[in-house]
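Here's the structure, in structure tokens; my notes come after.
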2 protein chains.
Amino acid sequence: MAAEGFELNAFLPYRLNRAAEFVAVRFAAEYKARYQLTRPEWRTLAALGSSARAMTATEVGTHSAMHKTKVSRAVSALEERRWLKRSEDADDRRLEHLELTKAGRLAYGELTDLASAYQAQLDELIGVGGLKALCAGLEAIERAIDRAEERHPRK
Amino acid sequence: MAAEGFELNAFLPYRLNRAAEFVAVRFAAEYKARYQLTRPEWRTLAALGSSARAMTATEVGTHSAMHKTKVSRAVSALEERRWLKRSEDADDRRLEHLELTKAGRLAYGELTDLASAYQAQLDELIGVGGLKALCAGLEAIERAIDRAEERHPRK
DNA sequence: GCCTATTAGTTGCAATCGTAACTATCGATT
DNA sequence: AATCGATAGTTACGATTGCAACTAATAGGC
């Protein structure tokens, strides 16, 4: 019955969540104060801004691990700000291709400046060794996610 | 201006959140279906169950990186289930010491069995190498968090 | 001993979220 | 070409959240 040897500190969901929440909260406070951006909005902007080509809402959701309703509302909000434009696919009219406008790319540039500065703080806090290990580990998870995504495409 | 070289894939908050969300969602579905537990409730139960001694609500919040109102409501819910009992501190009556009841420890035992099984799946998915790296990286972050916590005690 | 600042925890309320149901479209089968 | 199932995205609505304000208690001047 009770797994006596269970170590919460070795349980990834708990640990990852704690770490993610910790680093996210402070950064969120920054862009919220300066741009009135919500977290899903920033994450959507980031996904689109970092992509060389237009993405669909579903792709944004997969890339950022956000629920599709979150993405949908974030897209609407960004569109109202005129940071993003939609265009429908010629072949499949269910799809919409999402792209940043000029204003959107400008905002993304400013936000990434903030992000870089924040990342630099984190780098210093965590140290080079830890950071390297973390990146390697995250890459392993990301590969695993991609593989899992392929097989069990999620709801 | 725009940090042209910005790599979203090297930006910790985004990456960690994505990974955390991915691994958390599936596990949450399990304990939600079987125990009608919410995420904050499971996290609070986990924090208390893994601790050798009683904790205060604030400590639970720090340990799990949850907002204090989340903790407060989770504690109430667990108390109503009689999985947790509060006792006030003799010296400082603002504090309440939180402990699992016998029923709570039993539930924790069952939940950790689920957790172990899930962790085993993750282990396999991620691979030994990735897992080791991830743990090392998370440890580095956790140390950094503790240090930061000491200096800037958070709201 | 008082006044003020701080801390632990709770709660009202507006904002946000996720589930489920919905619309619209496409693909496959017959 | 009609039907069925699957997929992209939206939305209504109840549940959950977080901010700000609150109560209660402690701690630190003075």
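All chains are named by letter (A, B, ...) in the order of the sequence lines, taking the proteins before the strands, and each is independently numbered beginning at 1. Keep in mind the model is a prediction, meaning the values are calculated, not measured.
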**OP:** Indicate, with yes or no, if Met66(B) and Leu45(B) share a hydrophobic cluster defined by side-chain heavy-atom contacts under 4.5 Å among Ile, Leu, Val, Met, Phe, Trp and Tyr.
**Re:**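 Linked, Leu45(B) and Met66(B) end up in one cluster.
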
Round to a whole Å and report the spacing from [atom1] of [X] to [atom2] of [N].
| X | N | atom1 | atom2 | answer |
| --- | --- | --- | --- | --- |
| Asp89(A) | dG9(D) | CG | P | 10 Å |
| Met66(A) | dG9(D) | CE | C1' | 14 Å |
| Lys70(A) | dT10(D) | NZ | C1' | 17 Å |
| Leu78(A) | dT10(D) | CG | C1' | 16 Å |

Original post:
Do the side chain of Arg18(A) and the main chain of Ala65(B) share a donor and acceptor less than 3.5 angstrom apart?
Top reply: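 No; judged by distance alone, with no hydrogens or angles, the pair does not exist.
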
**OP:** Sugar-phosphate means primed atoms, P, OP1 and OP2; the rest is base. With that split, encode nucleotides 5-14 of chain C 5' to 3' as B, S or - using protein heavy atoms under 4.0 Å.
**Re:** -BBSBBBB--

**OP:** Verify the neighbour count for atom NZ of Lys132(B): are there more than 12 heavy atoms of other residues, nucleotides or ligands below 6.0 Å?
**Re:**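 No.
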
Original post:
How would you label the contact of Asp91(A) with the nucleic acid (heavy atoms, under 4.0 Å): base, sugar-phosphate, or nothing?
Top reply: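 Sugar-phosphate contact only - Asp91(A) comes under 4.0 Å of backbone atoms but never of a base.
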
Original post:
What is the minimum heavy-atom distance between Tyr118(B) and Val23(B), and which atoms define it?
Top reply: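 Smallest interatomic distance, heavy atoms only, reads OH-O, 2.6 Å.
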
**OP:** Show the numbers, then the answer: is there a side chain to side chain contact (heavy atoms under 4.5 Å, CB included) between Val25(A) and Arg39(A)?
**Re:** CA-CA 9 Å; Val25(A) 158; Arg39(A) 252 206 252 192; 4.3 Å; yes

Subject >> Side-chain N or O of His67(A) closer than 4.0 Å to phosphate OP1/OP2 of dT16(C) >> reply: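 So the side-chain polar atoms of His67(A) never come under 4.0 Å of the phosphate oxygens OP1 or OP2 of dT16(C).
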
**OP:** For residues 41-52 of chain B, pull every pair meeting side chain to side chain donor-acceptor pair (under 3.5 Å), keeping only residues two or more places apart or in separate chains.
**Re:**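 Non-adjacent pairs meeting side chain to side chain donor-acceptor pair (under 3.5 Å): Thr38(B)-Glu41(B).
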
